[in-house]
Amino acid sequence: MDQGQWYVVHTYSGYENKVATNLTTIIENQRLQELIQEVRVPTEIVPDIKDGKERMVERKLFPGYVLVKMVMTDDSWYIVRNTRGVTGFVGPSSKPIPLTEAEVEALGVDEQQTSVDYAVGDSVEVLTGPLEGFIGLVESIDKDAGKVNVKVSMFGRETPAELELAQVKPI
């Protein structure tokens, strides 16, 4: 199997997730996993203050763009280019240019790097969800799964909770 390269696909604004879903469906239906290996809409979790409350929201890093890891052939180019919502590849229309290794690394697309500013044994505050506002003690951190296990004291009892990494902040 050829190793694919990352290409940037331009979409209508607001259609990024729809394009990613459509492409994924086409890839599965036509069994093209070897040609088009991955489709990503890079996002980040950022704090948003609304009505005086701070909550964490997901925001697209590059609105209007989808990243596609693929082996460039006439067929794969045609399929991606003619997916509903796609306006074209970034680069000359006849021959799209893949991202360089440095660009892929800078974008952090290939490996999910999660920075956590708390450790096991630290006290953290829960930012969102049903336990919002509670203080807990970090028991374990699983960066690969994006989860943190916290023991929260509720009504005089220790209650374990599994939360997303972005749902807690250190005190």
Side-chain angles (χ1 to χ4, degrees), residues 1-118 126-130 132 141-148 162-169:
M1 183 169 112
D2 283 340
Q3 188 60 29
Q5 292 182 294
W6 286 99
Y7 292 86
V8 180
V9 177
H10 191 265
T11 67
Y12 293 122
S13 187
Y15 276 72
E16 302 88 355
N17 292 336
K18 189 89 176 128
V19 165
T21 306
N22 289 345
L23 256 176
T24 306
T25 305
I26 292 167
I27 293 163
E28 287 171 9
N29 291 345
Q30 297 185 14
R31 294 182 177 81
L32 298 170
Q33 290 86 348
E34 292 185 5
L35 279 182
I36 305 171
Q37 298 150 359
E38 214 173 323
V39 180
R40 287 239 183 108
V41 179
T43 60
E44 64 181 346
I45 305 286
V46 293
D48 182 39
I49 299 173
K50 198 173 199 174
D51 299 329
K53 285 190 177 180
E54 182 178 341
R55 59 192 184 102
M56 301 307 274
V57 295
E58 196 172 33
R59 188 182 80 188
K60 292 178 183 73
L61 283 174
F62 312 109
Y65 296 95
V66 174
L67 299 176
V68 179
K69 185 174 189 178
M70 61 190 276
V71 177
M72 186 57 73
T73 65
D74 289 345
D75 291 339
S76 63
W77 178 89
Y78 183 84
I79 287 163
V80 173
R81 180 64 188 87
N82 291 293
T83 299
R84 176 184 234 136
V86 171
T87 58
F89 282 91
V90 172
S93 58
S94 58
K95 184 92 173 82
I97 300 168
L99 294 173
T100 64
E101 289 296 320
E103 290 168 329
V104 171
E105 206 172 292
L107 293 173
V109 219
D110 261 342
E111 68 284 338
Q112 291 290 65
Q113 297 167 330
T114 312
S115 65
V116 178
D117 50 359
Y118 48 85
V126 181
L127 299 172
T128 60
E132 183 177 341
I141 299 171
D142 184 353
K143 286 186 182 179
D144 295 332
K147 303 283 186 188
V148 58
E162 184 180 71
L163 304 166
E164 301 287 325
L165 292 173
Q167 277 185 281
V168 298
K169 73 170 184 181

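In this chain, numbering begins with 1 at the start of the sequence shown.
In terms of heavy-atom proximity, Leu165 sits nearest to Tyr118 at O-OH, 2.9 Å. The nearest pair of heavy atoms linking Met70 to Ser76 is CE-OG, 3.2 Å. Across Pro96 and Met72, no two heavy atoms sit closer than the pair CG-CE, 3.9 Å. Here the shortest heavy-atom pairing between Val8 and Tyr65 reads CG1-CD2, 3.5 Å. The minimum heavy-atom distance between Arg59 and Val46, with the atom names listed, is CB-CG2, 4.1 Å. A pairwise comparison of heavy atoms in Gln37 and Gly4 identifies OE1-N, 3.2 Å as the closest pair.
Rounding to the nearest 0.5 Å places CD of Glu34 at 12.0 Å from OG1 of Thr73. Between the NZ atom in Lys53 and the CG atom in Asp48 there is a gap of 13.5 Å [rounded to 0.5 Å]. Rounding to the nearest 0.5 Å places CD1 of Ile79 at 13.0 Å from CG of Asn22.
Counting heavy atoms from C-beta outward, Ile27 and Gln33 have side chains that approach closer than 4.5 Å. The side-chain heavy atoms of Leu67 and Leu99, taken from C-beta on, include a pair separated by under 4.5 Å.
The only member of Lys69, Gln5, Glu103 that meets side-chain contact (heavy atoms from CB on, under 4.5 Å) when paired with Pro98 is Gln5. A side-chain hydrogen bond (donor to acceptor under 3.5 Å, both in side chains) with Lys147 is found for exactly one of Glu164, Glu162, Gln167, namely Glu164. Exactly one residue among Asn82, Val80, Asp74 makes a side-chain contact (heavy atoms from CB on, under 4.5 Å) with Tyr78. That residue is Asn82.
Phe89 and Trp77 have parallel rings, their planes meeting at less than 30° on a 0 to 90° scale where 60° marks the start of perpendicular.
With Glu16 contributing its side chain and Gly64 its backbone, the two residues share a donor-acceptor pair below 3.5 Å. For the pair Thr83 (side chain) and Leu23 (backbone), a donor-acceptor distance under 3.5 Å is absent. The backbone N or O of Thr87 sits less than 3.5 Å from a side-chain atom of Arg81, completing a donor-acceptor pair.
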